[in-house]
Amino acid sequence: MKQVFSDFSKLIKFRLSFTVVFSASISFLIGQKMQVGRGNIPSIDWGNWLILVFGGFLVTAAANCFNEIIEKDLDKLMARTKDRPMPAGRMTTGQGLILGVFMAFLGTWLLGRLNLETGLLSVFSILLYAFAYTPLKRKSPIAVFVGAIPGALPPLIGYLAAFGSLKAEMFHEIDYYIAGILFLIQFVWQFPHFWAIAWVLDDDYKKAGFRLLPTKKRDKVTALLTFLSTLILIPVSLLPTFYGFGGYYIAGLSLVAGAIFSWLAFKLLISQDLADARKVMFCSFFYIPAVQLGLLLNFIAK
């Protein structure tokens, strides 16, 4: 039984799925707090929050499952993926497909119960991740840009889900800015995040023919682009304060987190060393939840 749970966790990339659901649920709570403040609802609807969490987890798990079905033979070539259930032979592609389709339909149905737009975005996310980003990984570094789109959709999905039926009178002009900025922060963040991971795992990725670094190799241009993307992230993370829905505390947090992120990326630019790339990668893991939690606490404190 322990092996079954372990295999399922690897199949759905549990930690990645959890991270995706975390960002969606934070955005949902921000959207709900906006409505509570306007008097549209008396309090946060925790039932809908659970639907979002469960539905979002299933949709993300399905996309990861389809990704592994497509890359089964490639996963056999890499040390970090060869023990996944399908390349290791503990699960057939047929079994994986049945699980993936079931999770995709159930997750989409649950998210669609919140509102139609949320359900449609979840379908779009699955299709883009599994059937555009996945095959592009072996063809061109443009895959990172394509993959950043479904990767940035969870905050947008979470915010839209918070508005239920999306009646016109409930959705104000500021909501378009909030939803768009939540998407944009996570979109830009993914470039240094992806490139740092690709730098660290480049030797393993090459075994499967993956081309995720901007220049397809660990060099100064790749390090420079990684550094520049962290710099771009700083003004983007200040947009909540600029548009008036984030306070000075979240601005300060974003500046400090962005400065640390950029400093580590600058050190990578100077050294082009694997150890520095690993530091950028680990910093990216902490950056996005810290900024998102800070934004949520800003709304709670209002």
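The aromatic rings of Phe282 and Phe285 lie perpendicular to each other, with more than 60° between the two planes, well past the 30° mark.
For Tyr287 and His193, the ring centers sit 6.0 Å or farther from each other. Residues Phe14 and Phe57 bring their aromatic ring centres within 6.0 Å. Aromatic rings from Phe191 and Trp195 are positioned such that their centres are separated by under 6.0 Å. Ring centers of Phe194 and Phe145: at least 6.0 Å apart, outside the cut-off.
Contact check on Arg90 versus Asp83 returns a salt bridge, with a Lys/Arg side-chain nitrogen under 4.0 Å from an Asp/Glu carboxylate oxygen. Salt-bridge formation is not detected for the pair Asp75/Lys72: no Lys NZ or Arg NE/NH1/NH2 atom is positioned less than 4.0 Å from an Asp or Glu carboxylate oxygen. Here Lys137 pairs with Glu71 in a salt bridge; the nearest charged N to carboxylate O distance falls below 4.0 Å.
Without hydrogens or angle criteria, Thr222 side chain to Lys217 main chain gives a donor-acceptor distance under 3.5 Å. Between the side chain of Thr241 and the backbone N or O of Ile250, no donor-acceptor pair lies under 3.5 Å.
Taking CG of Asp203 as the start and CE of Met78 as the end, the distance is 12.5 Å to the nearest 0.5 Å.
Between Ser17 and Thr60, the side chains place no donor N or O within less than 3.5 Å of an acceptor N or O (distance only, hydrogens not considered). Under the 3.5 Å distance criterion, with hydrogens and angles disregarded, no donor-acceptor pair is assigned to the side chains of Tyr133 and Asn67.
If you run side chain to side chain contact (heavy atoms under 4.5 Å, CB included) between Val59 and each of Val21, Val20, Thr108, Leu121, only Thr108 comes through.
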**OP:** Just do the side-chain contact (heavy atoms from CB on, under 4.5 Å) check on Ile185 and Ile288 with the steps written out, would you?
**Re:** CA-CA 8 Å; Ile185 291 171; Ile288 202 69; 3.9 Å; yes
